[in-house]
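Here's the structure we're looking at; comments come further down.
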Amino acid sequence: MTDLQRFKRIFTEQRDQIMMNVGQVADDGLSKRSDDKDEVDQANADIEQSMRMQLKNREVYTLKKINDALRRIEDGSFGRCESCEEFIELRRLQARPTTTLCISCKEEEEKMAAAAILGHRLQFAH
């Protein structure tokens, strides 16, 4: 089995698992307000509903990244950095299969993000 076939199998399995999880969250239904619940019970139900929605949002985001990776496998661009177009090291892909940046470009992106945050903080400090 080639590395691409292995990644495709992993992504497909992850996608299927997420789809099942999202379906279960949807089947659980949303908490409804009820006059039978006291304030503490309702607050707990609201917190639980919020946590379910956060989980669903996280899984939908992951699903998008998986589908994007599967598309890149199909079009032949999987494993290429979207910034510099060099090949991404296999070790990096194994650690973060949905990554679209090589380690050098990712580090540069993080430096720029940190500098932007620092600049934003300095701007409001004056």
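Every heavy atom of this structure was used, including side-chain atoms; hydrogens, water molecules and symmetry mates were not.
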Q: Look up atom CE in M112 and atom CD1 in I117, then write down how far apart they are to the nearest 0.5 Å.
A: 12.5 Å

Q. How are the rings of F11 and F78 set relative to one another: parallel (under 30°), tilted (30 to 60°) or perpendicular (over 60°)?
A. perpendicular

Q: Enter the distance from E82:CD to I88:CD1 here, rounded to the nearest 0.5 Å.
A: 8.0 Å

(Q) Would you say that more than 12 heavy atoms from the other residues, nucleotides or ligands in this model lie under 6.0 Å from the CZ of R96, or not? (A) no

Q. Does Q5 CD have over 12 foreign heavy atoms under 6.0 Å away?
A. yes

Q | Verify same cluster id: F7, I103 (apolar side-chain graph, 4.5 Å) | A | no

Q.
Which residues pass the side chain to side chain contact (heavy atoms under 4.5 Å, CB included) test with E48, not counting sequence neighbours?
A. R52

Q: Could you state whether I73 and L101 fall into the same hydrophobic cluster, counting links through intermediate Ile, Leu, Val, Met, Phe, Trp or Tyr residues with side-chain heavy atoms under 4.5 angstrom apart?
A: no

Q) Residues two or more places apart in sequence or in another chain: which of them pass salt bridge (Lys or Arg N to Asp or Glu O under 4.0 Å) with D16? A) none

(Q) For the OG1 atom of T62 and the NZ atom of K65, what is their distance to the nearest 0.5 Å? (A) 8.5 Å

Q: Could you pull out all residues at least two apart from R92 that satisfy side chain to side chain donor-acceptor pair (under 3.5 Å)?
A: T99

Q) Which residues satisfy the side chain to side chain donor-acceptor pair (under 3.5 Å) test with E109, sequence neighbours excluded? A) K106

Q) Below 4.5 Å, heavy atoms only, C-beta onward: do R71 and N67 meet side chain to side chain? A) no

(Q) Within this structure, what is the CE-CD1 distance for the pair M19 and I66, rounded to the nearest 0.5 Å? (A) 11.0 Å

Q) Which atoms form the tightest heavy-atom contact between C81 and C84, and what is the distance? A) SG-N, 3.5 Å

Q. Could you walk me through whether D68 and K64 pass the salt bridge (charged side-chain N to carboxylate O under 4.0 Å, His left out) check?
A. CA-CA 6 Å; D68 289 346; K64 181 191 177 314; 2.9 Å; yes

Q.
If you define the side chain from C-beta out and look only at heavy atoms, does anything of L70 sit under 4.5 Å from T12?
A. yes

Q. For the side chain of R80 and the backbone of E85, is there at least one donor-acceptor N/O pair under 3.5 Å apart?
A. yes

Q.
Return the OG to CD distance between S104 and E107, rounded to the nearest 0.5 Å.
A. 6.0 Å

Q: Evaluate side chain to side chain contact (heavy atoms under 4.5 Å, CB included) for M51 paired with L55, printing each intermediate quantity in order.
A: CA-CA 6 Å; M51 290 172 55; L55 176 62; over 6 Å; no

Q: List in chain and number order the residues that pass side chain to side chain contact (heavy atoms under 4.5 Å, CB included) with N57, two or more places apart in sequence or in another chain; answer none if no residue qualifies.
A: none

Q) Which distance, rounded to the nearest 0.5 Å, do you find between the CG of L93 and the CG of L4? A) 9.0 Å

Q.
Restricting to side chain to side chain donor-acceptor pair (under 3.5 Å), what partner residues turn up for E110, sequence neighbours left out?
A. none

Q) Just wondering, are more than 12 heavy atoms of other shown residues or ligands nearer than 6.0 Å to CE in M1? A) yes

